[in-house]
Amino acid sequence: MTKKNEEIYLIDGSSYIYRAYHAMGGLSNSKGFPTNAIFGFCNMLAKTMRERAPKRIAVIFDAKGPNFRYEIYPAYKANRPPTPDDLQIQIPRIHEIVEAYRIPSISVPGFEADDIIAALSRLAADKGWKVTIVSGDKDLTQLVSDGISMWDPQRDVTYDREGVSKKFGVFPEQMLDFLALVGDSSDNIPGVPGIGPKRAIALLQEFGSLEGIYTNIDRVAQKSVKEKLVGNKDNAFLSRKLAELRFEVPLPVQPEDLVVQEQDSEALREIFKELEFKKLLEELPARRCLDFSGYCTISTMEELLEWVETFRRVRRFAVDLETTSTEPMRAKLAGLSFCAESGKACYLPVGHTQGSQLKKDEVLTVLRPVLEDETIFKFGQNIKYDMIVLKREGITVKGITCDTMLASYLLDPSRRGHSLDDLAESCLEHRTIRITELIGTGKNQILFSEVDIENATKYACEDAEVTCRVAEILCPRLETEGLTKLMNEVELPLIPVLVDMEIAGVRIDIPYLRTLSEEFGEMLKSSEEAIYEMAGEPFNINSPKQLGEILFKRLGLKGVKKTKTGLSTSLEVLEELALEHELPRLILGYRSIYKLKSTYVDSLVNLVNPETGRIHTSYNQAVTATGRLSSSDPNLQNIPIRSTEGRKIRAAFIPDDGYAYVAADYSQIELRLVAHISGDERLKQAFIAGEDIHAITAADVFGCSLAEVVPEMRRRAKEINFGIIYGMGPFKLAGRIGVGLKMAKQYLEDYYRTYAGVRQYMEEVPERAKRDGYVTTILGRKRFLPDLNNPNKIAQQAAKRMAVNTTIQGSAADLMKLAMIRVHDALKKTGLPARMILQVHDELVLEVREDVAREAQTLLKREMEHVYPLSIPLVVDTAIGKNWDEAH
DNA sequence: GCGATACA
DNA sequence: TGTATCGC
């Protein structure tokens with residue numbers, strides 16, 4: 001009896017494992033457990049389940065041990081190296097995952113997965129079922145027929161009879177003969193040596209089959225081909241036997257039994273969590289474990305006063321604002337939510353377009369004393385945002401004792417994603433209501449103030465409750481990890497500093513930028529013309545694809561360098577190519593100008609806030625793995641520092657009328673920290689003596705006196721010093737200073753001989769980190785480096801460099817943050833008409849009323865230099881100017 | 001040596 | 001979603 005409309009999916013498990021393993025190198029979770037094969041396999045499986053949702057399905061694996069092919073041909077797969085360890089340990093997890101999906105899995109001793117698939121697909125096809133083989137392996141296309149097709153979810157292509165022919169040039173029934181001729185080096189199947197895919201296709205198209213070829217062997221025109229075929233007839237037929245799939249497999253199950261059951265989502269959640277498969281976790285059915293019944297909307301003054309009483313009584317609560325924008329300087333307040341104890345939360349709408357609400361001003365008047373009372377503790381998630389919005393409403397929030405985003409960041413700065421949604425998932429195993437569920441996405445997005453109050457209440461109360469609960473989990477964790485002090489003395493006190501900086505913003509010289517835009521535009525135009533001229537046709541220079549066409553096809557330059565999705569056109573490659581052709585040099589110039597023009601010159605104007613007339617760069621405190629701040633809109637860290645173009649952009653940052661800039665930057669803070677932390681006496685002495693450190697290094701490395709150091713020697717020494725900080729290898733160093741590899745090695749050797757303390761330090765840091773699992777900075781900031789135990793040597797080396805570099809960069813970041821807090825305090829105490837407006841790299845910039853510029857300069861230098869007691873002096877260079885460039 | 005942001 | 005360029 002044939003059943004219509006029945007279908008079955010047969011997944012070629014083993015081949016996906018190998019494919020994933022080889023396609024993705026180095027993937028592992030934060031504990032260093034390799035996950036590349038599992039990841040690739042899971043994605044394939046998840047995609048199949050998501051898009052096809054088959055009722056009948058099985059994953060087929062190779063069985064352990066030999067199979068019949070070895071008996072026919074002992075050398076079968078002989079050249080295949082044994083399964084690598086880091087793949088082997090992934091395999092049990094893959095089986096667990098298949099089990100958790102409740103998908104039947106099959107393997108049969110003595111047979112390969114391909115044979116089992118062959119047998120099953122024939123059985124199912126005979127019943128009239130539609131069979132889909134899930135695989136990317138061309139060997140299996142020999143099974144494709146009317147009822148059997150093959151699908152590769154990775155490339156998302158389906159092969160039916162025509163598809164196979166189109167892709168491989170032969171029909172499914174010829175595939176076996178094709179394989180017999182071509183062989184398979186990875187399985188050590190010989191085929192006919194000298195016959196490649198092209199020739200095999202031609203032969204099969206002409207003679208139909210292997211037998212056809214050999215019965216008509218005299219008609220093979222090319223003599224050499226004929227000789228090869230004749231000489232290797234046995235090989236050809238042996239190869240066919242090896243590639244031929246067996247249908248008579250003793251199957252442990254029948255196709256009818258291969259029914260998928262409901263997946264065990266909890267088991268999958270556990271596994272994905274451990275492996276850190278974020279996207280797959282996200283795809284699991286949401287688990288919403290918070291109870292909304294204790295949530296309420298505040299719509300009367302009585303209710304509000306009652307809540308305020310509660311805040312005064314319990315003396316700690318979580319706050320969260322709902323607004324109309326993610327940019328705090330543009331956001332309009334829609335409402336506030338609070339949570340003082342788990343299970344209970346309230347939403348206080350003040351700016352919704354519909355529904356009855358209390359008046360914002362009255363509400364804020366009632367809330368102000370509580371929010372500004374520093375003895376009543378507040379928790380928040382990225383509370384800097386809320387503080388900016390509230391400060392614009394005239395309220396200075398005090399008493400922040402926990403920011404869940406920062407807590408999460410301190411606990412694991414390399415983790416990406418410290419959003420409330422992430423924390424709810426990882427700390428509470430709760431899937432929060434997503435903002436897009438309320439306001440939609442893209443063009444149809446509405447403002448939060450337009451959301452109806454009932455839904456807004458659920459959303460906002462949930463956020464407040466999650467913040468409260470997460471704070472209760474993360475704060476004790478900070479304590480046990482020894483991070484509380486860093487939190488209380490650095491990260492939390494830094495928040496009000498950043499709040500003031502972001503609110504202050506910076507003035508931009510718009511007319512100047514317009515002329516600069518024209519100037520850069522002219523440069524681009526002429527550069528563009530020259531490029532088109534040289535290329536012979538106009539094209540989109542910014543498209544790496546089109547550029548690649550021109551460079552490598554049209555001009556025939558050899559794109560021997562890097563690839564991934566085509567040939568690379570990176571700086572490195574273009575510089576190499578510049579030796580042979582002028583065009584790459586022009587492209588390089590074009591690119592740098594274009595980037596500056598588009599990301600700074602033209603976009604700075606768009607960032608100007610219409611209300612304040614200034615730009616309000618946002619400083620992110622929870623992004624970098626080393627502890628540095630990052631900035632966006634605009635990203636100040638990326639403005640070229642030395643080039644004329646970069647300086648022109650900095651000149652667009654100007655102080656208010658009657659004000660000046662005072663800029664201060666730490667001189668050599670990283671090398672100084674190397675001296676301090678490593679305790680290397682010679683390096684310390686150099687800094688204590690206050691000498692030019694690069695010149696001293698030059699004298700030490702090149703074995704001469706300080707007076708004999710010429711500029712070129714100093715330049716090389718400078719590169720060596722950089723190399724030390726960034727963990728540069730001798731090869732890279734050689735490239736940078738333009739000497740041979742041997743010479744660079746010698747330099748490093750000489751350096752380490754002179755500064756033995758530095759060498760010891762650079763060796764000890766990764767060792768200790770390997771023991772502890774993390775490195776620490778001068779103020780105890782941690783960064784976990786699981787890759788120190790990664791069997792992948794490349795990843796391990798990288799982690800070693802990060803270990804050293806993080807202690808240096810991270811310590812510098814610690815001190816800079818401390819300095820910002822000190823300077824901010826000092827300015828407040830002295831009441832100087834000055835405010836901090838920029839922080840970038842190792843530099844701080846104040847906007848100061850002109851008449852007190854010198855005073856501010858002295859204060860800035862003093863506070864920064866005495867930020868923290870060290871065994872070497874910190875030196876800060878300062879300058880005053882009428883724009884940011886001048887202040888150098 | 002990689003990171004962070006921005007653009008295609 | 002991926003790649004490049006600036007930075008440290």
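Quick note on labels: first sequence line is chain A, next is B, and so on, each numbered from 1. Just so it is clear, the values below take in all heavy atoms, side chains as well, and ignore hydrogens, waters and symmetry mates. From a predicted model like this one, the values you see are computed outputs, not experimental measurements.
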> If you draw a 6.0 Å radius around NZ in K648(A), do more than 12 non-hydrogen atoms from other residues or ligands fall strictly inside?
Replying inline: yes

>> Between P on dC8(C) and CE on M802(A), what's the gap in Å once rounded to a whole number?
In response: 18 Å

>> Under 4.0 Å, heavy atoms only, any strand: does Q797(A) hit a base, just the sugar-phosphate, or nothing?
In response: nothing

> Should the ring pair Y751(A) and Y755(A) be called parallel, tilted or perpendicular, given that the plane angle runs from 0 to 90° and is split at 30 and 60?
Replying inline: tilted

> Using 30° and 60° as the class limits, which term best fits the ring planes of F653(A) and W884(A): parallel, tilted or perpendicular?
Replying inline: perpendicular

> Reckon S598(A) touches a base, only the sugar-phosphate, or nothing at all at heavy-atom distances under 4.0 Å?
Replying inline: sugar-phosphate

>> Just the rounded figure in Å: distance from P of dG7(C) to CG of N805(A).
In response: 16 Å

>> Within the 4.0 Å heavy-atom criterion, would you say S631(A) contacts the bases, only the backbone, or no part of the nucleic acid?
In response: sugar-phosphate

> Is any side-chain N of the basic residue among D692(A) and R714(A) closer than 4.0 Å to the acidic one's carboxylate O?
Replying inline: yes

> Taking 4.0 angstrom as the limit, do R781(A) and E491(A) come out as a salt bridge?
Replying inline: yes

> Checking all strands, does G729(A) fall into the base, sugar-phosphate, or nothing category for heavy-atom contacts under 4.0 angstrom?
Replying inline: sugar-phosphate

>> Categorize N638(A) for me: base, sugar-phosphate, or nothing, with a 4.0 angstrom heavy-atom threshold over every strand shown.
In response: base

>> Show, in sequence, the C-alpha distance, side-chain angles and deciding distance for S517(A) and D602(A), and conclude whether the side-chain hydrogen bond (donor to acceptor under 3.5 Å, both in side chains) test is met.
In response: CA-CA 7 Å; S517(A) 178; D602(A) 291 343; 2.8 Å; yes

>> Any base atoms under 4.0 Å from V840(A), or only sugar-phosphate, or nothing? Heavy atoms, all strands.
In response: nothing

> How long is the line joining CD of E843(A) and P of dC8(C), in whole Å?
Replying inline: 10 Å

>> For a quick check of understanding: with a heavy-atom distance under 4.0 Å over all strands, which category does A625(A) fall into, base, sugar-phosphate or nothing?
In response: sugar-phosphate

>> Measure OH/Y726(A) against P/dC6(C) and give the value in whole Å, please.
In response: 15 Å

> For atom CD1 of I794(A), is the number of surrounding heavy atoms from other residues, nucleotides or ligands below 6.0 Å larger than 12?
Replying inline: no

> Y600(A) has an atom OH; how far is it from atom P of dA4(C), in whole Å?
Replying inline: 18 Å

> With respect to the phosphate group of dT5(C), does any side-chain polar atom (N or O) of R591(A) fall under 4.0 Å of OP1 or OP2?
Replying inline: yes

>> Does dG7(C) have its OP1 or OP2 closer than 4.0 Å to a side-chain nitrogen or oxygen of H841(A)?
In response: no

> Any salt bridge between R155(A) and D152(A), counting N to O under 4.0 Å?
Replying inline: yes

> Which is the 5'-most and which the 3'-most nucleotide of DNA chain B that has an atom under 4.0 Å from a heavy atom of chain A?
Replying inline: dG1(B) to dA8(B)

> Quick one: R736(A) CZ to dG7(C) C1', roughly how many Å, whole number?
Replying inline: 11 Å

> Across the strands shown, which category fits N620(A) at heavy-atom distances under 4.0 angstrom: base, sugar-phosphate, nothing?
Replying inline: nothing

>> Under 3.5 Å, is there any donor-acceptor pair linking the side chain of Q637(A) to the base of dC6(C)?
In response: no

> Rounded to whole angstrom units, what separation is found between the OH atom of Y594(A) and the P atom of dA4(C)?
Replying inline: 15 Å

> Rounding to a whole Å, what distance do you find between I725(A):CD1 and dG7(C):P?
Replying inline: 15 Å

